[in-house]
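Scroll down for the structure; my scribbles are underneath it.
When a ligand or atom number is given, it counts from 1 through the structure's own listing order. The first residue of the sequence shown is numbered 1, and numbering continues consecutively from there.
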Amino acid sequence: MKRKCPPYIYSGCILQRGMSREKGGPSVYARYRRLRRTPALRRLVSETRLDASGLIYPVFVTERETEPTKVASMPGVMRWPVAEVVGVAGKCEEAGIGAILLFGIPSQKDAEGSQASAEDGVIQRALRELRSCGYSGVVITDVCLCEYTDHGHCGLLDDAGMVLNDPTLRRLADTAVSHVRAGADMVAPSAMMDGMVGAIREALDGAGFAHVPILSYSVKYASAFYGPFRDAADGAPRFGDRRSHQMNPANGREAMLEHEADIIEGADILMVKPGLAYLDVVRRTREEFPNHPLAVYNVSGEYSMVKAAAANGWIDERAVVLETLTGFRRAGADLILTYHALDVARWLRDG
Ligand SMILES: [Zn+2]
């Protein structure tokens with residue numbers, strides 16, 4: 001069977017026929033290095049571009065500390081008291097970062113995670129603070145119960161310690177509505193409960209918030225890369241793990257089902273989390289759902305590994321981070337949630 005010549009070979013053939021070469025010269029016609037010669041040429045033909053406006057900066061808001069507190073496992077990341085959030089948000093807006101994503105660390109926890117949806121909860125207070133200061137940047141809130149439950153799981157539990165799906169939906173919906181009421185521009189449910197986006201959509205619509213979009217953590221894997229985050233957000237489960245609701249890292253096809261379900265339920269933006277070990281899933285999502293904005297979460301473990309290696313002088317932090325984020329964009333992500341956002345914005349601006 002005759003194989004069809006791929007287009008790039010074909011154009012090479014045309015070139016070869018049309019060009020005369022010096023006798024004895026090298027028979028190299030396609031010189032891809034021509035466009036790599038100078039920084040300006042490389043920039044001109046760059047297929048992928050990074051821009052601060054596509055970055056989302058996660059911000060930890062704490063009720064347990066009164067001073068900004070370092071997160072030991074994530075150098076450069078802080079837990080901010082409510083009063084400091086306006087300052088951090090302002091810095092992000094000034095740097096041109098697209099949005100901030102708030103995570104709450106409450107002073108009290110219980111079995112139902114009641115502080116997640118409380119009027120005076122830590123996130124609700126931070127949102128009111130931002131709004132009363134006239135903050136106009138995009139504020140997204142994480143919607144889950146794991147930082148608010150005393151057992152550290154993402155939902156309500158049965159007697160055997162299993163996360164209950166449907167009873168948890170109500171709690172997530174109440175939390176989302178309370179965030180929007182306090183001033184959130186967008187909610188980002190991360191609990192990986194079946195039907196979570198639909199329940200939140202219905203509740204938001206019912207409360208008069210049909211205009212508020214949902215960024216769904218549609219594909220969230222049960223990943224070992226979340227370790228440092230649990231330190232930052234104080235949300236580690238007291239027993240067991242999250243494999244009964246988060247996805248098995250071995251599965252790629254199933255991820256497409258998760259996206260599809262969330263789209264049907266009304267998700268406005270899709271997400272793949274984590275990023276580096278799941279670039280194939282990002283690419284596949286881009287191909288199968290080309291018309292939805294797609295976010296990727298460059299998670300805490302990915303961040304801390306780079307920080308640790310850089311602190312040891314083993315890698316060039318700036319180069320590695322920019323290469324990684326470019327990789328996410330090349331794979332098909334529109335938006336990148338990353339703890340590097342402020343640094344990246346500065347590097348992009350300073351060139
Ligand atoms: Zn959770």
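No hydrogens or angles considered: a donor-acceptor pair under 3.5 Å links the side chains of E93 and S136.
In terms of modelled atom types and a separation under 3.5 Å, the side chain of R125 and the main chain of D120 share no donor-acceptor contact.
Excluding water, every protein N/O/S atom under 2.8 Å from the Zn ion (ligand 1) is given here by residue and atom: C144 SG, C146 SG, C154 SG.
Ring geometry for Y221 versus Y278: interplanar angle under 30°, hence parallel rather than tilted (30 to 60°).
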List the steps and the verdict of side chain to side chain contact (heavy atoms under 4.5 Å, CB included) for V281 and M256.
-> CA-CA 9 Å; V281 180; M256 301 306 112; 4.1 Å; yes
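Screening residues 315-327 for salt bridge (charged side-chain N to carboxylate O under 4.0 Å, His left out) gives K307-E317 as the qualifying pairs, with residues at least two apart or on separate chains.
Taking the centre and axis of the six-membered ring of F229, the NZ or CZ atom of K273 falls inside the cone set by 45° and 6.0 Å.
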